[in-house]
Amino acid sequence: MKRIRENKVILLIVGPTAIGKTRLAITLAKKLQGEVISCDSMQAYKGMDILSQAPSKDEKKAAKHHLVGILDPKREYSAATFRKKAMPVIAAILKRKRVPIVAGGSGLYVRALVDGLFPTTAADMKFRERMQRFVSRNGSQELHDRLLRIDPGSARLIHPNDVRRIIRALEIYETTGRTMTELKTATRPLKDRYDIKIFGLIASRKKIYSRIDSRVDKMFDCGAVKEAGKLAKKRISRTAETVLGFREIKRYLNGEYDLEYAKDLVKMNTRRFAKRQLTWFRSDGRIKWFDITRNKEAKIVRRIIKEVR
RNA sequence: GCCGAGGUAGCUCAGCGGUAGAGCGCUGCCCUGAAAAGGCAGGCGUGGCGUGUUCGACUCACGCCCUCGGCA
């Protein structure tokens, strides 16, 4: 059993933002003959390197990176798109007899990759807009009631105020003729094909927050304002515009508040993001955690390599 | 020093003679094609300090301390 999977190991590095996933992934890639696949909804975009904290030129030279800076900001990205792009990349890396190292903090993307997505259609913007209008006229409860009639299983899982998810569930039924509850049973996880090893980096909340604060300061020193200003002039996708820092800086450039305030807002929003990431990853029992303050990087690397071999 | 306003949850502030609320923050949680997004839940805090009035004071009175504005 173990022999068959010997060359089919996939390594994943997860954890909150600013914890050092990129760095660890690169070190592992060097030691294991691996290649890094970014599992990140924002690093995929071009022209957003500073805001998305994408790996630097040097880092990209140190190890081969995939799915970084590959998408025009005007295009939408999604967990499904990521999966579609990542699967062949993983297969190709394995074919080269190298180790795929998936690194990133987008929890849903990790799940989409590891546990799979049920087969369905892509987003239908017109339908979503129509539903949105319905909600502003009749309230979300009304729409939730509609879902309850169509797909009671999903309705029970989705809060009446969670408009996005109600709309998505209705959209799935509208475009496929089948309910989300039905489709979910057709999800095929990746672990059927590969040996998945997930490692998480963690630290005390205080430590994570102070790392975020200094990273945001650095971001601003490195030209985040200029980058955001450039993006603000173009029309960028709904996905890309949610990158942390973009909205806050745009409003600063708009004269709504000063630079210090903008910085504080970015810090606050990044801390909240990290908090949500922690909640997300915490519940995944498959993750093997390493506290970065209790373990030197070399030790973590050694332990991971031992796990993989 | 005088006059005025005020000191209530981390912050900004409501309110009331019967042992306190909101928004934001914060913490916890949920999450299947927008996910760096979206949603849900959680508020005992010496009510600046002291004395008094009262069955009972955060709420009234007096004194003190502190903050802000104006006058000197």
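Convention: sequence-line order gives letters A, B, ...; per-chain numbering from 1.
As a whole-Å value, the separation of A:Met268 CE from B:C26 C1' is 11 Å. Rounded to an integer number of Å, the gap from A:Tyr109 OH to B:G33 C1' is 9 Å. The separation between A:Glu129 atom CD and B:A34 atom P is 13 Å, rounded to whole Å. At whole-Å resolution of the value, CD1 in A:Ile19 and C1' in B:A36 are 16 Å apart. What separates CG of A:Asp162 from C1' of B:A35 is a distance of 12 Å, to the nearest Å. Between A:Leu117 atom CG and B:U32 atom P there is a gap of 10 Å when expressed in whole angstrom units. Protein atom CZ of A:Phe127 is 13 Å distant from nucleotide atom P of B:A34, rounded to whole Å. The nearest whole Å value for the distance from the CG atom in A:Leu67 to the C1' atom in B:A36 is 17 Å.
For B:A34, one of the phosphate oxygens OP1 or OP2 lies less than 4.0 angstrom from a side-chain nitrogen or oxygen of A:Arg128. Residue A:Arg205 has a polar side-chain atom (N or O) positioned under 4.0 Å from OP1 or OP2 of B:G28. For the pair A:Asn161 and B:C40, the criterion of a side-chain N or O lying under 4.0 Å from OP1 or OP2 is met. For the pair A:Ser41 and B:A36, the criterion of a side-chain N or O lying under 4.0 Å from OP1 or OP2 is met. At the phosphate of B:U27, OP1 or OP2 sits under 4.0 Å from a side-chain N or O atom of A:Tyr209. Regarding contacts with the backbone of B:G25, a side-chain N or O of A:Arg272 is found under 4.0 angstrom from either OP1 or OP2. Close to B:A34, at under 4.0 Å from its OP1 or OP2, lies no side-chain N or O of A:Tyr77. Between A:Arg276 and B:C31, a side-chain N or O to OP1/OP2 separation shorter than 4.0 Å is absent. For A:Thr239 and B:A37, the shortest distance from a side-chain N or O to OP1 or OP2 is not below 4.0 Å. Side-chain N/O atoms of A:Thr279 include none lying less than 4.0 angstrom from OP1 or OP2 on B:G28.
The side chain of A:His159 approaches B:G39 more closely than any other nucleotide in the set B:A34, B:C31, B:G39. Side-chain atoms of A:Lys275 lie closest to B:U27 of the nucleotides B:A36, B:A34, B:U27. Comparing atom distances between the A:Arg164 side chain and each of B:U32, B:A34, B:C26 picks out B:A34 as nearest.
Between the side chain of A:Arg165 and the base of B:G38 there is at least one donor-acceptor pair of N/O atoms closer than 3.5 Å. Under 3.5 Å, the side chain of A:Arg238 and the base of B:A37 form no donor-acceptor pair of N or O atoms.
Within 4.0 Å (heavy atoms only), A:Asn269 reaches no atom of the nucleic acid at all. Here A:Tyr45 lies out of heavy-atom contact (under 4.0 Å) with every strand. When heavy atoms are screened at a 4.0 angstrom cut-off, A:Thr120 is found touching base atoms of the nucleic acid. Within 4.0 Å (heavy atoms only), A:Ile158 reaches no atom of the nucleic acid at all. Among the protein residues, A:Gly105 comes within range of the sugar-phosphate backbone only, with heavy atoms under 4.0 Å from sugar or phosphate atoms but none that close to a base. At the heavy-atom level, A:Ser52 lies under 4.0 Å from base atoms of the strands shown. Using a 4.0 Å heavy-atom criterion, one finds that A:Ala123 contacts the sugar-phosphate atoms exclusively. Nucleic acid contact class of A:Arg282 (heavy atoms, under 4.0 Å, all strands): sugar-phosphate only.
Taking atom P on both nucleotides, B:A72 is separated from B:C66 by 24 Å, rounded to a whole Å. Only the C1' atoms considered, B:G28 is 46 Å distant from B:G63, to the nearest whole Å. If you take atom C1' in B:G1 and the same atom in B:C58, they sit 31 Å apart, rounded to whole Å. Look at the C1' atom in both B:G17 and B:U53: the space between them is 12 Å, to the nearest Å. Across B:G38 and B:A20, the matching C1' atoms stand 33 Å from one another, rounded to whole Å. Look at the P atom in both B:G25 and B:C64: the space between them is 42 Å, to the nearest Å. Comparing the same atom, C1', in B:G23 and in B:C30 gives a spacing of 24 Å after rounding to whole Å. Between B:A34 and B:G21, the two C1' atoms lie 36 Å apart (nearest whole Å).
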Run the side-chain hydrogen bond (donor to acceptor under 3.5 Å, both in side chains) test on A:His65 and A:Glu35 for me, step by step, so that the C-alpha distance in whole Å, both residues' side-chain angles and the decisive distance to 0.1 Å come before the verdict. CA-CA 6 Å; A:His65 278 75; A:Glu35 295 178 30; over 6 Å; no
Does the pair A:Ser38 and A:Asp40 meet the rule for a side-chain hydrogen bond (donor to acceptor under 3.5 Å, both in side chains), with working shown? CA-CA 6 Å; A:Ser38 165; A:Asp40 189 293; 5.1 Å; no
Full working for side-chain hydrogen bond (donor to acceptor under 3.5 Å, both in side chains) between A:Asp151 and A:Thr181: CA-CA 7 Å; A:Asp151 180 2; A:Thr181 308; 2.5 Å; yes
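In this structure a side-chain-to-backbone donor-acceptor pair under 3.5 Å is missing from A:Ser106 to A:Leu108. Under a 3.5 Å cut-off, the side chain of A:Asn254 and the backbone N or O of A:Glu256 do not form any donor-acceptor pair.
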Extract all donor-acceptor atom pairs below 3.5 Å that involve side chains of residues 25-34 of chain A and protein atoms in other chains or at least two apart in sequence.
unit_1	atom_1	unit_2	atom_2	d
A:Thr27	OG1	A:Arg23	O	3.0
A:Thr27	OG1	A:Glu297	OE2	3.2

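For RNA chain B, each stem of at least three Watson-Crick or G-U pairs (distances under 3.5 Å) is given as range with range: B:1-7 with B:65-71, B:10-13 with B:21-24, B:26-30 with B:38-42, B:48-52 with B:60-64.
Note on A:Leu244 and A:Leu259: separate hydrophobic clusters, where clusters join Ile, Leu, Val, Met, Phe, Trp and Tyr whose side-chain heavy atoms are under 4.5 Å apart, directly or indirectly. A chain of hydrophobic side-chain contacts below 4.5 Å, direct or via other Ile, Leu, Val, Met, Phe, Trp or Tyr residues, connects A:Ile287 to A:Ile37.
Between A:Tyr252 and A:Phe220, the ring centre distance reaches or exceeds 6.0 Å.
Taking a 6.0 Å sphere around CZ of A:Arg294, one finds it holds 12 or fewer heavy atoms contributed by other residues, nucleotides or ligands.
Other residues sharing the hydrophobic cluster of A:Val36, ordered by chain and number and joined by side-chain separations under 4.5 Å: none, the residue standing alone.
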